[in-house]
Amino acid sequence: MRRPLDVERLAKLATGRRFLEPRRRGKYLLLDLEPAGSLLAHLGMSGNLQLVDASSPLRNHTHLRFDLENGRQLRFVDPRRFGFVDWLEPGEEVTDGSLVALGIEPLDPGLDEEMPPMYHARSAPLKSLLLDQRLVAGIGNIYAVEALWRAGIHPRRAGNRTSLSRLANLARVVQVVLAEAITQGGTTLRDFAGTDGEAGYFAVKLSVYGRQGEPCTRCGATIRSTVIGGRTTAWCPTCQR
DNA sequence: CCAGTATCCTGCAGGC
DNA sequence: TGCCTGCAGGATACTG
(Lines give C-alpha, C1' and ligand atoms only; values in the text may rest on other atoms or scores of the structure.)
Protein backbone atom coordinates (compact mmCIF):
# COMPACT_ATOMS: atom_id res chain seq x y z
CA MET A 1 0.00 0.00 0.00
CA ARG A 2 0.98 3.62 -0.36
CA ARG A 3 2.15 3.73 3.23
CA PRO A 4 3.96 0.76 4.68
CA LEU A 5 2.19 -0.78 7.63
CA ASP A 6 3.64 -2.76 10.51
CA VAL A 7 0.83 -5.27 10.81
CA GLU A 8 2.29 -7.02 13.86
CA ARG A 9 2.45 -3.75 15.72
CA LEU A 10 -1.05 -2.84 14.63
CA ALA A 11 -2.34 -6.20 15.82
CA LYS A 12 -0.88 -5.57 19.26
CA LEU A 13 -2.24 -2.05 19.40
CA ALA A 14 -5.74 -2.92 18.25
CA THR A 15 -6.40 -6.19 20.02
CA GLY A 16 -9.13 -5.94 22.65
CA ARG A 17 -10.11 -2.41 21.75
CA ARG A 18 -13.47 -1.13 20.68
CA PHE A 19 -14.12 0.89 17.54
CA LEU A 20 -15.83 4.19 18.23
CA GLU A 21 -17.79 6.26 15.73
CA PRO A 22 -15.82 6.68 12.50
CA ARG A 23 -14.83 10.18 11.44
CA ARG A 24 -13.68 11.76 8.20
CA ARG A 25 -11.33 14.54 7.16
CA GLY A 26 -11.26 15.22 3.44
CA LYS A 27 -11.00 11.80 1.85
CA TYR A 28 -9.28 10.32 4.88
CA LEU A 29 -11.17 8.08 7.26
CA LEU A 30 -10.43 8.05 10.96
CA LEU A 31 -11.47 4.99 12.91
CA ASP A 32 -10.94 5.80 16.55
CA LEU A 33 -10.29 3.02 18.99
CA GLU A 34 -11.14 3.11 22.68
CA PRO A 35 -9.51 4.41 24.77
CA ALA A 36 -7.12 6.18 22.38
CA GLY A 37 -5.43 5.99 19.00
CA SER A 38 -6.92 5.77 15.53
CA LEU A 39 -6.70 3.98 12.27
CA LEU A 40 -6.13 6.41 9.45
CA ALA A 41 -7.36 5.07 6.14
CA HIS A 42 -7.55 6.27 2.56
CA LEU A 43 -9.34 4.29 -0.10
CA GLY A 44 -7.37 5.68 -3.04
CA MET A 45 -9.11 4.81 -6.28
CA SER A 46 -9.97 1.20 -5.72
CA GLY A 47 -10.05 0.76 -1.95
CA ASN A 48 -13.00 -0.62 -0.05
CA LEU A 49 -13.80 -1.20 3.61
CA GLN A 50 -16.04 -4.20 4.16
CA LEU A 51 -17.95 -5.24 7.23
CA VAL A 52 -18.81 -8.88 6.60
CA ASP A 53 -19.20 -12.24 8.25
CA ALA A 54 -15.86 -13.80 9.14
CA SER A 55 -16.85 -16.76 6.98
CA SER A 56 -17.53 -14.57 3.96
CA PRO A 57 -15.25 -15.44 1.02
CA LEU A 58 -12.07 -13.40 0.82
CA ARG A 59 -11.87 -11.05 -2.09
CA ASN A 60 -8.59 -10.71 -3.91
CA HIS A 61 -6.30 -8.01 -2.55
CA THR A 62 -7.65 -8.10 0.97
CA HIS A 63 -4.76 -6.50 2.85
CA LEU A 64 -6.11 -6.31 6.34
CA ARG A 65 -8.70 -8.08 8.48
CA PHE A 66 -9.94 -7.27 11.96
CA ASP A 67 -11.81 -10.00 13.79
CA LEU A 68 -14.66 -8.48 15.74
CA GLU A 69 -16.35 -9.91 18.80
CA ASN A 70 -19.66 -10.40 17.03
CA GLY A 71 -18.19 -12.85 14.53
CA ARG A 72 -17.82 -10.31 11.80
CA GLN A 73 -14.72 -8.95 10.13
CA LEU A 74 -13.70 -5.46 9.11
CA ARG A 75 -11.69 -5.86 5.90
CA PHE A 76 -9.61 -3.48 3.87
CA VAL A 77 -9.52 -4.43 0.19
CA ASP A 78 -7.59 -2.45 -2.39
CA PRO A 79 -6.48 -3.97 -5.72
CA ARG A 80 -4.45 -0.99 -6.92
CA ARG A 81 -2.92 -0.26 -3.54
CA PHE A 82 -3.18 3.49 -3.99
CA GLY A 83 -4.88 3.56 -0.64
CA PHE A 84 -3.52 2.74 2.80
CA VAL A 85 -4.25 2.09 6.43
CA ASP A 86 -1.98 3.55 9.08
CA TRP A 87 -1.95 3.80 12.84
CA LEU A 88 -2.13 7.18 14.53
CA GLU A 89 -1.11 7.54 18.14
CA PRO A 90 -3.19 9.96 20.24
CA GLY A 91 -2.33 13.47 19.12
CA GLU A 92 -0.62 12.35 15.95
CA GLU A 93 -3.62 13.57 14.01
CA VAL A 94 -2.26 17.10 14.22
CA THR A 95 1.21 16.17 12.97
CA ASP A 96 0.42 13.73 10.20
CA GLY A 97 1.60 15.42 7.00
CA SER A 98 -1.29 14.28 4.85
CA LEU A 99 -3.89 15.56 7.28
CA VAL A 100 -2.15 18.78 8.18
CA ALA A 101 -1.94 19.83 4.54
CA LEU A 102 -5.67 19.53 3.96
CA GLY A 103 -7.74 22.59 3.13
CA ILE A 104 -11.22 23.58 4.22
CA GLU A 105 -14.01 21.00 4.28
CA PRO A 106 -16.25 21.44 1.25
CA LEU A 107 -19.41 21.20 3.37
CA ASP A 108 -18.17 23.87 5.79
CA PRO A 109 -20.72 26.72 5.86
CA GLY A 110 -17.81 29.10 5.33
CA LEU A 111 -16.91 27.67 1.95
CA ASP A 112 -18.54 30.42 -0.12
CA GLU A 113 -16.57 32.95 1.95
CA GLU A 114 -13.21 31.21 1.72
CA MET A 115 -13.13 29.51 -1.64
CA PRO A 116 -13.54 32.52 -3.97
CA PRO A 117 -10.47 34.53 -2.82
CA MET A 118 -8.43 31.32 -2.55
CA TYR A 119 -9.13 30.26 -6.12
CA HIS A 120 -8.97 33.82 -7.38
CA ALA A 121 -5.31 33.98 -6.30
CA ARG A 122 -4.36 31.07 -8.56
CA SER A 123 -3.72 30.84 -12.27
CA ALA A 124 -4.34 27.11 -12.63
CA PRO A 125 -7.52 25.86 -14.31
CA LEU A 126 -10.49 25.62 -11.95
CA LYS A 127 -10.66 21.90 -12.64
CA SER A 128 -7.17 21.50 -11.15
CA LEU A 129 -7.95 23.79 -8.23
CA LEU A 130 -11.04 21.78 -7.31
CA LEU A 131 -8.89 18.66 -7.14
CA ASP A 132 -6.20 20.34 -5.02
CA GLN A 133 -6.89 18.91 -1.57
CA ARG A 134 -4.77 21.62 0.07
CA LEU A 135 -7.37 24.20 -0.92
CA VAL A 136 -10.66 22.36 -0.42
CA ALA A 137 -10.36 18.83 0.90
CA GLY A 138 -12.65 16.14 -0.38
CA ILE A 139 -13.64 16.88 -3.96
CA GLY A 140 -12.70 14.14 -6.42
CA ASN A 141 -12.64 13.99 -10.18
CA ILE A 142 -16.29 13.06 -10.65
CA TYR A 143 -17.70 15.82 -8.49
CA ALA A 144 -15.22 18.43 -9.75
CA VAL A 145 -16.48 17.77 -13.26
CA GLU A 146 -20.11 17.70 -12.20
CA ALA A 147 -19.81 20.94 -10.23
CA LEU A 148 -18.24 22.83 -13.12
CA TRP A 149 -21.01 21.68 -15.44
CA ARG A 150 -23.65 22.68 -12.93
CA ALA A 151 -22.04 26.09 -12.49
CA GLY A 152 -21.72 26.58 -16.24
CA ILE A 153 -18.00 27.20 -16.03
CA HIS A 154 -15.40 25.93 -18.48
CA PRO A 155 -13.07 23.51 -16.67
CA ARG A 156 -9.99 25.13 -18.18
CA ARG A 157 -10.90 28.62 -16.98
CA ALA A 158 -8.14 29.94 -14.73
CA GLY A 159 -8.93 30.83 -11.13
CA ASN A 160 -7.60 34.36 -11.50
CA ARG A 161 -9.72 34.89 -14.60
CA THR A 162 -12.95 34.00 -12.87
CA SER A 163 -15.00 36.66 -11.11
CA LEU A 164 -15.45 36.34 -7.37
CA SER A 165 -19.21 36.10 -7.83
CA ARG A 166 -18.85 33.18 -10.21
CA LEU A 167 -16.49 31.52 -7.73
CA ALA A 168 -19.01 32.07 -4.97
CA ASN A 169 -21.59 30.38 -7.14
CA LEU A 170 -19.17 27.52 -7.78
CA ALA A 171 -18.74 27.10 -4.04
CA ARG A 172 -22.49 26.84 -3.55
CA VAL A 173 -22.75 24.36 -6.41
CA VAL A 174 -19.97 22.21 -4.97
CA GLN A 175 -21.97 21.94 -1.75
CA VAL A 176 -25.17 21.07 -3.58
CA VAL A 177 -23.49 18.43 -5.73
CA LEU A 178 -21.79 16.78 -2.77
CA ALA A 179 -24.86 16.94 -0.55
CA GLU A 180 -27.02 15.34 -3.24
CA ALA A 181 -24.46 12.63 -3.87
CA ILE A 182 -24.28 11.81 -0.18
CA THR A 183 -28.07 11.64 0.07
CA GLN A 184 -28.19 9.28 -2.85
CA GLY A 185 -25.50 7.01 -1.44
CA GLY A 186 -22.51 8.08 -3.47
CA THR A 187 -21.36 7.26 -6.96
CA THR A 188 -20.58 3.71 -7.83
CA LEU A 189 -18.79 2.57 -10.94
CA ARG A 190 -17.48 -0.76 -12.05
CA ASP A 191 -15.73 -2.49 -9.16
CA PHE A 192 -17.18 -0.26 -6.48
CA ALA A 193 -18.87 -2.00 -3.60
CA GLY A 194 -20.73 -1.11 -0.46
CA THR A 195 -19.51 -2.11 3.00
CA ASP A 196 -21.47 -5.35 2.62
CA GLY A 197 -18.99 -6.35 -0.04
CA GLU A 198 -21.70 -6.62 -2.64
CA ALA A 199 -21.11 -5.39 -6.15
CA GLY A 200 -21.63 -1.72 -6.77
CA TYR A 201 -24.87 -0.18 -7.87
CA PHE A 202 -25.47 2.95 -9.85
CA ALA A 203 -26.81 5.39 -7.34
CA VAL A 204 -26.06 8.87 -8.60
CA LYS A 205 -27.00 9.91 -12.07
CA LEU A 206 -24.20 11.95 -13.51
CA SER A 207 -24.72 14.92 -15.80
CA VAL A 208 -21.36 15.01 -17.58
CA TYR A 209 -18.82 12.63 -16.07
CA GLY A 210 -18.39 9.72 -18.45
CA ARG A 211 -20.98 11.14 -20.85
CA GLN A 212 -18.66 12.32 -23.64
CA GLY A 213 -20.31 11.87 -27.02
CA GLU A 214 -23.76 12.04 -25.47
CA PRO A 215 -26.06 15.09 -25.55
CA CYS A 216 -25.91 17.64 -22.77
CA THR A 217 -29.09 17.34 -20.72
CA ARG A 218 -29.26 21.13 -20.46
CA CYS A 219 -28.63 22.31 -24.02
CA GLY A 220 -28.37 19.23 -26.21
CA ALA A 221 -24.81 19.91 -27.40
CA THR A 222 -22.45 16.96 -27.53
CA ILE A 223 -20.46 16.46 -24.32
CA ARG A 224 -16.73 16.53 -24.94
CA SER A 225 -13.79 15.14 -23.03
CA THR A 226 -10.27 16.38 -22.52
CA VAL A 227 -7.40 15.95 -20.09
CA ILE A 228 -6.70 18.68 -17.53
CA GLY A 229 -4.00 18.22 -14.93
CA GLY A 230 -3.68 14.60 -15.99
CA ARG A 231 -7.31 13.82 -15.25
CA THR A 232 -10.12 13.11 -17.68
CA THR A 233 -12.52 16.03 -17.81
CA ALA A 234 -15.90 15.95 -19.50
CA TRP A 235 -17.62 19.23 -20.29
CA CYS A 236 -20.27 20.84 -22.43
CA PRO A 237 -18.77 23.17 -25.06
CA THR A 238 -21.95 25.24 -25.23
CA CYS A 239 -23.07 25.86 -21.69
CA GLN A 240 -19.71 25.93 -19.94
CA ARG A 241 -17.80 29.18 -20.51
C1' DC B 1 6.20 29.49 -5.11
C1' DC B 2 3.45 27.60 -8.78
C1' DA B 3 1.82 24.58 -12.50
C1' DG B 4 2.19 20.51 -14.99
C1' DT B 5 3.83 15.67 -15.63
C1' DA B 6 5.23 11.00 -14.32
C1' DT B 7 4.48 7.36 -11.31
C1' DC B 8 2.82 3.89 -8.12
C1' DC B 9 -0.63 -0.91 -9.18
C1' DT B 10 -4.24 -4.03 -10.86
C1' DG B 11 -8.46 -4.94 -13.51
C1' DC B 12 -11.12 -4.40 -17.28
C1' DA B 13 -12.90 -3.01 -21.89
C1' DG B 14 -12.03 -2.77 -26.56
C1' DG B 15 -9.33 -3.70 -30.80
C1' DC B 16 -7.16 -7.05 -33.53
C1' DT C 1 -10.00 -17.40 -27.41
C1' DG C 2 -5.96 -14.66 -26.36
C1' DC C 3 -2.86 -10.98 -26.53
C1' DC C 4 -2.04 -6.07 -26.40
C1' DT C 5 -3.06 -1.28 -25.33
C1' DG C 6 -5.15 2.31 -22.93
C1' DC C 7 -7.65 3.93 -19.23
C1' DA C 8 -9.64 4.25 -14.36
C1' DG C 9 -12.41 7.07 -8.46
C1' DG C 10 -5.86 9.67 -6.03
C1' DA C 11 -1.79 11.62 -4.06
C1' DT C 12 2.83 13.00 -4.42
C1' DA C 13 7.76 13.38 -6.05
C1' DC C 14 9.77 15.63 -9.35
C1' DT C 15 10.70 19.02 -13.28
C1' DG C 16 10.76 23.41 -15.40
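In what follows, chains carry the letters A, B, and so on, assigned in the order in which the sequence lines appear, proteins first and then strands, with residues in each chain numbered from 1. Note that this is a predicted model, so its numbers are computed, not measured.
In DNA chain B, the stems built from three or more successive Watson-Crick or G-U pairs (distances below 3.5 Å) are B:2-8 with C:10-16, B:10-16 with C:2-8.
Atom CG of A/L40 is separated from atom C1' of C/dA11 by 13 Å (rounded to the nearest Å). Separating the NZ atom of A/K27 from the C1' atom of C/dG9 is a distance of 8 Å, rounded to the nearest angstrom. Across the protein-nucleic acid pair, A/K127 atom NZ and B/dA3 atom C1' stand 15 Å apart, rounded to whole Å. Distance CG (A/N160) to C1' (B/dC2): 12 Å, rounded to an integer number of Å. Whole-Å rounding puts the A/L131 CG to C/dG9 C1' distance at 11 Å. Following rounding to the nearest Å, A/L130 (CG) and C/dG9 (C1') show an atom-to-atom distance of 16 Å. The CG-P distance, from A/N60 to B/dC12, rounds to 9 Å in whole Å. Taking atom CG of A/L129 as the reference point, atom C1' of B/dA3 lies 10 Å away to the nearest angstrom.
Side-chain N/O atoms of A/R81 include none lying less than 4.0 angstrom from OP1 or OP2 on B/dC8. The side chain of A/Q133 places no N or O atom within less than 4.0 Å of a non-bridging phosphate oxygen (OP1 or OP2) of C/dG10. At the phosphate of B/dA3, OP1 or OP2 sits under 4.0 Å from a side-chain N or O atom of A/S123. Side-chain N/O atoms of A/R231 include one lying less than 4.0 angstrom from OP1 or OP2 on C/dG9. OP1 or OP2 of B/dG11 has at least one side-chain nitrogen or oxygen of A/H61 nearer than 4.0 Å. Taking side-chain N and O atoms only, A/Y209 has a distance below 4.0 Å to OP1 or OP2 of C/dG9.
Atom CE of residue A/M115 and atom CD of residue A/Q175 lie 9.0 Å apart, to the nearest 0.5 angstrom. Note that CG of A/D78 and CZ of A/R59 are 10.0 Å apart. Values are rounded to the nearest 0.5 Å.
A salt bridge does not link A/E146 to A/K205: none of the charged side-chain nitrogens sits closer than 4.0 Å to a carboxylate oxygen. Salt bridge A/R224/A/E214: absent, no basic N to carboxylate O contact under 4.0 Å. Residues A/R9 and A/E89 are paired through a salt bridge, judged by an N-O separation under 4.0 Å between the basic side chain and the carboxylate. Under a 4.0 Å N-O distance rule, the pair A/E105/A/R25 qualifies as a salt bridge.
Using the six-membered ring where Trp is involved, A/Y28 and A/F84 have ring planes that are tilted, between 30° and 60° apart.
A/V145 approaches A/T232 most closely through the heavy-atom pair CG2-O, 4.2 Å.
Checking A/L49, A/L10, A/L64 one by one against A/L39, the side chain to side chain contact (heavy atoms under 4.5 Å, CB included) holds for a single residue, A/L10.
For B/dC9, the base has a donor-acceptor partner in the side chain of A/R80 [N/O atoms by modelled type, under 3.5 angstrom]. Judged by atom type and distance alone, A/R122 does not reach the base of B/dA3 through any side-chain donor-acceptor pair under 3.5 Å.
Atom CD of A/E34 sits in a crowded spot, with more than 12 heavy atoms from other residues, nucleotides or ligands closer than 6.0 Å.
Within the nucleic acid shown, A/G44 comes within 4.0 Å of sugar-phosphate atoms alone, with no base atom in reach, counting heavy atoms only.
Checked against B/dG11, C/dG9, B/dG4, the side chain of A/P125 finds its nearest nucleotide in B/dG4.
Comparing the C1' positions of B/dA3 and C/dG9 gives an interatomic distance of 23 Å, to the nearest angstrom.
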With 3.5 Å as the limit, what N/O pairs link the protein to nucleotides 12-15 of chain C?
unit_1 : atom_1 : unit_2 : atom_2 : d
C/dT12 : OP1    : A/S98  : OG     : 3.2

